[in-house]
**Student:** 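Below is one structure. I have some questions about it.
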Amino acid sequence: MTVRTRFAPSPTGLLHIGGARTALYCWLESRRRGGKFVLRIEDTDRERSTDVAVQAILDAMAWLGLAHDEGPIYQTARLGRYQQVANELVAQGKAYYAYESREEIDAMRAAAQAAGDKPRYNGYYRERNEPLREDPNRVIRFKNPREGSVVFDDKVKGRVEWANAELDDLVIFRSDGWPTYNFAVVVDDMDMGITEVIRGDDHVNNTPRQINIYHALGAPVPQFAHLPMILDKEGKKLSKRTSAVGVMDYRELGFLPHALLNYLVRLGWSHGDQEIFSIDEMVALFDIADVNKAPSRFDMEKLAWINQHYLKTDDPTTLVAEFEWHLTRAGIDVAHGPQPLDVLLALRDRVHTLKEMAERARIWYAPIVEWDDKAVAKHLRNANALSVLQAARASLAAAADWSPAMVQQMVQEIAAQMELGLGKVAQPLRVAITGTQVSPSIEDTVYLAGRAEALKRIDAALVIAGQ
RNA sequence: GCUCCCUUCGUCUAGUGGCCCAGGACACUGCCCUCUCAAGGCGGGAACACGAGUUCGAGUCUCGUAGGGAGCACCA
C-alpha cells in the first residue's frame with residue numbers, strides 16, 4: 001500500500017509556524033517513503049473561513065517549497081458526500097437525529113459537571129427512534145460504543161488507551177446542514193486513502209472518537225502521529241502578541257525558506273549530532289517515529305544562526321533574487337549603485353538575515369545621511385587622517401582599474417609609505433566612505449561605493465577632517 | 001472538575017541498563033587571528049524535576065509526588 005499523508009489546515013488565518021512544521025513532516029514522510037502528499041482545505045466553518053486565508057496558506061506553502069501531489073481539495077465541495085455517509089449511518093442505526101436546543105445541552109453539561117463528571121451529552125435521543133422531523137435544532141449524533149475501550153499506537157506518543165465510557169455521542173451534522181470536523185476528517189481521510197495522519201497533538205483527544213467512526217464505516221484505520229506543540233521563548237503558547245507566528249512574517253524578517261525548514265525539522269527531531277540538513281538529507285533521514293513527545297520552544301537566535309549559515313554557504317547567485325526583494329522592500333533603488341551580488345558577497349557573513357543585509361547595503365546606494373560623531377572624532381580628526389585621505393584620494397583618482405584588489409594594494413602602499421599600521425589608514429577611509437566605523441573589509445567598502453562616489457565622499461570627509 | 005499527555009545544560013537535543021562523575025548545537029564567556037564589525041580556530045561555565053522501588057549497576061525499567069500542557073463545542 002502506498003503511503004499517503006495530508007496536511008489539512010482550516011483557512012481561518014495565516015499559516016503559522018506550528019502548521020508549517022506539521023506540513024513539513026507530512027511532506028517529508030511521504031517523500032521518504034515514495035508516497036503522496038495531499039493538501040486539503042478544511043473550510044466547513046463557514047463563519048470563519050476566507051478566500052484570503054486560503055491564498056495566504058497556498059502562498060506560504062509555495063514559498064517554503066512544500067509542493068503537494070494532490071489537491072487542494074475543499075471540504076465545502078464535498079458536502080453531498082458527507083450527507084450521503086451520514087444518512088447511511090443513520091439508516092444502519094449507527095447514528096441518530098437529536099433535537100435538543102443549545103440551552104438544553106448547556107443545562108445537561110452543567111449537570112454532568114456538577115456531578116463531578118466531564119460535561120457531555122446524556123444520549124437522550126440515542127434509543128428513541130423518533131420519526132424524522134423538521135426542526136431548527138435537528139442534528140445528527142454518532143452512536144459511540146459505551147463499552148470497552150479504544151487503543152491506538154501513536155507513532156510519536158506511543159500506545160494510547162481510551163475508555164469508551166469517557167466519550168459521548170458527538171454531533172456529526174450540525175443543524176445548519178454542515179458536517180462537523182470530527183466527521184468530515186474521517187470521511188475525507190477514508191475517501192482519500194490517507195494512511196498516515198500527522199497533526200498537532202491538540203487532536204489526540206479526538207482520535208478515539210474518530211477511530212470509532214472509522215469502525216462504524218468499516219474503513220481501515222490509518223496510523224496516527226501527534227506532534228507536540230511549539231511554544232514561544234517563555235514556554236507559552238505562540239501568539240502574535242509575543243512573536244512572529246506567520247510563515248510569511250519570517251520572510252519579511254529576512255529568513256530563507258531552507259533555513260526555516262532546517263530549523264523546524266530539528267525542533268523535536270534529530271539525527272545524532274547533525275544540525276545542518278539539505279532538503280535531500282531531510283527527506284532521506286527524517287522518520288516521523290523519531291519525533292520527540294515533549295513540546296519545544298521556538299528559539300529565534302538559533303534560527304538566525306542557521307539562516308546565516310545558509311547565507312554564507314549557499315551559492316550566492318541563488319540568493320540574489322530574494323536579496324533584491326528585500327532591497328526593494330527597504331526602499332533601495334538597485335539601478336543606481338553596485339551589483340547586489342557583490343554587496344551580498346561582502347555582507348553575507350556579517351549579518352544574520354537578508355533584511356539586515358538590505359539595511360546595511362543602503363550605504364552604497366544612498367548618500368550618507370548622518371555622520372557618527374565618535375567615528376569622526378576618533379578617525380577623521382587625528383594627526384594622520386588628513387594626509388591619509390589626501391593620499392588615498394590621489395591614488396584612487398589615478399588608479400588604472402577599479403577593483404577590490406586595487407584598493408587593497410593602495411591601502412598597503414599608503415601604510416608603508418607613511419609608516420602606519422593598516423588600521424590607521426583603513427579606519428579614516430572607512431569613516432569617509434560610510435560615516436561610521438563599522439563596515440565590510442576596506443577594499444570591499446571602497447570598491448562598492450564606485451569611483452565617483454568614493455572620491456565625492458572623501459572630499460566631504462576632507463572638509464570635516466580639516467575643521 | 002474529569003480524561004489524556006509531557007518533564008536531560010537558559011534553549012534545541014544525543015542517550016533504548018554498564019561505553020555517561022552525561023555528548024553535540026544555539027546563546028553566554030576567555031584566548032587567538034585581525035583594517036572595524038563579523039566569520040573562523042582553540043578553550044570555559046552550564047542539565048538527568050523530586051522521592052521510593054527493581055537491579056551487582058538507572059538519565060535509561062516500575063510506582064508515587066510536584067510542575068507543565070491539551071482536550072472535554074452544532075470550532076477546527
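Note that this is a predicted model, so its numbers are computed, not measured. Chain letters run A, B, ... following the sequence lines, proteins first and then strands; every chain starts at 1.
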**Student:** Test ring pair (Phe, Tyr, Trp, His ring centres under 6.0 Å) on His203(A) and Tyr181(A); report intermediate values, then the result.
**Tutor:** CA-CA 11 Å; His203(A) 290 290; Tyr181(A) 164 75; 5.2 Å; yes
**Student:** Checking contacts here: which listed nucleotide (C74(B), G71(B), A38(B)) is nearest the side-chain heavy atoms of Val171(A)?
**Tutor:** C74(B)
**Student:** Check this one for me: any side-chain N or O of Asn292(A) less than 4.0 Å away from OP1 or OP2 of A14(B)?
**Tutor:** yes
**Student:** Tell me what His379(A) touches on the nucleic acid: a base, only sugar-phosphate, or nothing, going by heavy atoms under 4.0 Å.
**Tutor:** nothing
**Student:** Is there a side-chain contact between Arg48(A) and the phosphate of A76(B), meaning an N or O under 4.0 Å from OP1 or OP2?
**Tutor:** no
**Student:** Within the structure, does a side-chain N or O atom of Thr12(A) lie under 4.0 Å from either OP1 or OP2 of A76(B)?
**Tutor:** no
**Student:** Quick one: label Gln113(A) by what it contacts on the DNA or RNA (base, sugar-phosphate, nothing), any heavy atom closer than 4.0 Å.
**Tutor:** base
**Student:** Do any N or O atoms from the side chain of Asp201(A) and from the backbone of Val204(A) form a donor-acceptor pair under 3.5 angstrom?
**Tutor:** no
**Student:** If we ignore hydrogens and angles and just use 3.5 Å, is the side chain of Asp169(A) paired with the main-chain N or O of Gly123(A) as donor and acceptor?
**Tutor:** no
**Student:** Determine: side-chain N/O of Arg141(A) to OP1/OP2 of C74(B), distance under 4.0 Å, yes or no.
**Tutor:** yes
**Student:** Hey, what's the ring geometry for Phe152(A) with His226(A), parallel, tilted or perpendicular (30° and 60° as the breaks)?
**Tutor:** perpendicular
**Student:** Under 4.0 Å between a side-chain N or O of Arg109(A) and OP1 or OP2 of C74(B)?
**Tutor:** yes
**Student:** What are the two closest non-hydrogen atoms of Leu455(A) and Arg393(A), and how far apart are they?
**Tutor:** CD2-O, 3.8 Å
**Student:** Is there, by distance only and without an angle test, a donor paired with an acceptor across the side chain of Asp202(A) and the base of G71(B) below 3.5 Å?
**Tutor:** no
**Student:** Pick base, sugar-phosphate or nothing for Gly268(A), based on heavy-atom distances below 4.0 Å to the nucleic acid.
**Tutor:** sugar-phosphate
**Student:** Does Lys293(A) put a side-chain nitrogen or oxygen below 4.0 Å from OP1 or OP2 of C6(B)?
**Tutor:** yes
**Student:** What about the rings of Phe298(A) and Tyr250(A), do their centers lie closer together than 6.0 Å?
**Tutor:** yes
**Student:** Looking at every strand, decide which applies to Pro295(A) at a 4.0 Å heavy-atom threshold: base, sugar-phosphate, or nothing.
**Tutor:** sugar-phosphate
**Student:** So what does Thr436(A) touch, heavy atoms closer than 4.0 Å: a base, only the sugar-phosphate, or nothing?
**Tutor:** nothing
**Student:** With heavy atoms under 4.0 Å as the rule, sort Gln412(A) into base, sugar-phosphate or nothing.
**Tutor:** nothing
**Student:** Can you find a side chain N or O atom of Lys233(A) that sits less than 4.0 Å from OP1 or OP2 on G10(B)?
**Tutor:** no
**Student:** Would you indicate what Gln308(A) reaches in the nucleic acid, counting non-hydrogen atoms under 4.0 angstrom: base, sugar-phosphate, or nothing?
**Tutor:** sugar-phosphate
**Student:** G1(B) pairs with which nucleotide, Watson-Crick or G-U wobble, both distances below 3.5 Å?
**Tutor:** C72(B)
**Student:** Tell me what Ile442(A) touches on the nucleic acid: a base, only sugar-phosphate, or nothing, going by heavy atoms under 4.0 Å.
**Tutor:** base
**Student:** Within the pair Arg348(A) and A38(B), is there a side-chain N or O less than 4.0 Å away from OP1 or OP2?
**Tutor:** no
**Student:** Under 4.0 Å: is that the gap between some side-chain N or O of Arg174(A) and OP1 or OP2 of A76(B)?
**Tutor:** yes
**Student:** Contact class for Glu166(A) (heavy atom, under 4.0 Å): base, sugar-phosphate, or nothing?
**Tutor:** sugar-phosphate
**Student:** Could you give the CG-to-C1' distance, from Asp169(A) to C74(B), as a whole number of Å?
**Tutor:** 14 Å
**Student:** Under 4.0 Å: is that the gap between some side-chain N or O of Ser439(A) and OP1 or OP2 of U36(B)?
**Tutor:** no
**Student:** Rounding to the closest angstrom, what is the interatomic distance between C32(B) and A39(B) at atom C1'?
**Tutor:** 14 Å
**Student:** When you check the phosphate oxygens OP1 and OP2 of U13(B), does a side-chain N or O of Ser296(A) lie under 4.0 Å from one of them?
**Tutor:** yes
